[in-house]
Protein chains: 2
Amino acid sequence: MHASPSSRDKICEVAEALFARRGYAGVGLREVADAAGLGKSSLFHHFRSKAQLYCEVLDRVLRRMRERLDPVIRAPLPAPERLERWIEGLVDGLAEHPTTSRLLLRALFEEEEFIQAPPPELARAEQTLAGMIGDVQKILEEGVTSGAFRPVSVPHTVQSLIGASVYHFASAEIGEGVLGGPLFGAEAVSRQRTELTSLFRHGLIARPDPVDDL
Amino acid sequence: MHASPSSRDKICEVAEALFARRGYAGVGLREVADAAGLGKSSLFHHFRSKAQLYCEVLDRVLRRMRERLDPVIRAPLPAPERLERWIEGLVDGLAEHPTTSRLLLRALFEEEEFIQAPPPELARAEQTLAGMIGDVQKILEEGVTSGAFRPVSVPHTVQSLIGASVYHFASAEIGEGVLGGPLFGAEAVSRQRTELTSLFRHGLIARPDPVDDL
DNA sequence: GTCTATAGTGAGATAGAC
DNA sequence: GTCTATCTCACTATAGAC
């Protein structure tokens, strides 16, 4: 929280907003430079290429999220409670910066742009993401083996959890049409927190009286 | 199912694959033309612009999905059963063409490219999507008012359902890393069908013995 | 209906002055 | 560390022959 961030940080900030809005291919370095108050060529003194800039922005976003979720992982709580805290942290983290969900969802697709010559920064971002996924996977596995959760497929459940939460905040006009109001308003965020936690609580908790025969 | 599709259909087919893989801004018409076995200029005899081609491809994909889900909507079944059929149809439809989920997820972002001069085809695609969302919304509302489902927020639940299903099949390498195998294999698709339906069945069904005090 | 040729624009990246 | 100028390349779209 410096009063005057370095040019490098400023570039990352504006690039995060632009990449989130229009994607890797849709953003020109000219636009980034203008938004950062610099000439286009000056960017190349801070980043070797557009690809490196993008990967560094992605890694920043992932680390920001992982820092937020880290204390939850270390909390000595039973799996169901820890999962709820993790979901709440994820929702709050996604709600805090509207750029995050869009950048992360887009990252699914745009990593293919770098298969030819992946910048070293991409590997860091992938490791950060893999760590977060591994963390929530452990929570679910613990819950299943302890008998607190139904014997669900942990990988598929992880996918559903990520998809439901990230998609929601990335859904833009479509999501606002479904909700009938803003996605990032305080009330909508709070509701998303409770809806998602209760959906997965009811959906996962083991029951003495299953309805699988429905 | 013609033996020799028209040039127009051929262009749409290859464009669907390319747009799904690299997005609107990431695909050049040169690439589309080459893949269709045509010269680049020939595309402009079939489509007025790149934007029109994209919107027509998007509408085709949405209509393909809606046709598949239409019989489920009209089925005279209680809400919980109809929701399960709807989810199974959605999963099967997404699994059938690996391009679909990616194209639809990307459409979230890329509609912003057309706010300046939206092609008329875009409105058709948006209507098709709005219809499908309205359909599943009605199922959920029916289930909540009949007391079969908990008193969840229908809009948030719709968002979670769409997010979980579409994200899963669009998640590419990340999803395959989580699953430890291919996303579109017969076994993985079948498992996704049962995991998603049972997650929402357990997550939504009203219970005489709630655990909301957890 | 498809082609070649090209207009016109903007992209990422580099060189070198200051 | 920022700038101007420039290189090279790819893009969308058009014109007009066949």
Side-chain angles (χ1 to χ4, degrees), chain A residues 2-19 21-58 106 110-122, chain B residues 2-19 21-58 106 110-122:
Chain A
H2 298 357
S4 61
S6 70
S7 286
R8 202 189 156 83
D9 289 342
K10 178 71 179 169
I11 293 167
C12 282
E13 279 171 30
V14 302
E16 177 180 329
L18 286 168
F19 283 137
R21 199 151 34 224
R22 285 203 285 286
Y24 180 76
V27 170
L29 292 184
R30 176 61 199 265
E31 237 176 333
V32 177
D34 285 353
L38 290 174
K40 188 176 58 165
S41 298
S42 302
L43 301 187
F44 289 92
H45 271 266
H46 299 281
F47 303 95
R48 290 189 307 278
S49 68
K50 182 188 181 183
Q52 191 216 336
L53 169 60
Y54 173 82
C55 293
E56 199 149 318
V57 166
L58 181 60
R106 282 196 192 273
E110 306 192 307
E111 302 212 16
E112 290 189 7
E113 302 250 357
F114 311 120
I115 52 173
Q116 308 261 15
E121 289 77 9
L122 181 58
Chain B
H2 298 357
S4 61
S6 69
S7 286
R8 201 188 157 83
D9 288 342
K10 180 69 180 170
I11 293 168
C12 281
E13 277 171 30
V14 302
E16 178 180 329
L18 286 167
F19 283 136
R21 198 150 39 225
R22 284 204 285 286
Y24 181 75
V27 170
L29 293 185
R30 176 61 200 263
E31 238 175 332
V32 177
D34 285 353
L38 289 174
K40 190 176 54 166
S41 299
S42 303
L43 301 187
F44 289 92
H45 272 268
H46 299 280
F47 303 96
R48 290 188 308 278
S49 68
K50 182 187 181 184
Q52 192 215 335
L53 170 60
Y54 172 81
C55 291
E56 200 148 317
V57 166
L58 180 61
R106 293 191 109 115
E110 306 192 308
E111 302 212 17
E112 290 189 8
E113 302 249 357
F114 310 119
I115 51 173
Q116 309 261 15
E121 289 77 10
L122 181 59

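First the proteins, then the strands, lettered A, B, ... as listed; each starts at 1.
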Q.
Using 30° and 60° as the class boundaries, would you call the ring planes of A:Tyr54 and A:Phe19 parallel, tilted or perpendicular?
A.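 Aromatic pair A:Tyr54/A:Phe19 classed perpendicular.
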Expressed in angstrom and rounded to an integer, what is the separation of [X] atom [atom1] from [N] atom [atom2]?
X	N	atom1	atom2	answer
A:Phe44	D:dG1	CZ	C1'	15 Å
A:Lys40	C:dA11	NZ	P	7 Å
B:Leu53	D:dA13	CG	C1'	14 Å
A:Lys50	D:dA10	NZ	C1'	13 Å
B:His45	C:dT2	NE2	C1'	7 Å
A:Arg30	D:dT2	CZ	C1'	14 Å
A:His46	D:dT2	NE2	P	4 Å
A:Phe47	D:dG1	CZ	P	12 Å

(Q) Nearest heavy atom decides the nucleotide; on that basis, is A:Ser42 or B:Val27 closer to the 5' end of DNA chain D? (A)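 Residue closer to the 5' terminus by nearest nucleotide: A:Ser42.
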Q.
So A:Phe47 and A:Cys12, do their side chains get closer than 4.5 Å, heavy atoms only?
A.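 Yes, their side chains come closer than 4.5 Å.
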(Q) Quick check on side chain to side chain contact (heavy atoms under 4.5 Å, CB included): which of B:Leu18, B:Leu53, B:Ile11 does B:Leu29 satisfy it with? (A) B:Leu53
(Q) Base of D:dA5, side chain of A:Ser41 - is there a donor-acceptor contact under 3.5 Å? (A) yes
(Q) Can you see if the side chain of A:Ser7 gets near the phosphate of D:dT2 - specifically, an N or O under 4.0 Å from OP1 or OP2? (A)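 Yes, such a contact exists.
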Q) Do A:Arg106 side-chain atoms and A:Arg21 backbone N/O form a donor-acceptor pair below 3.5 Å? A) yes
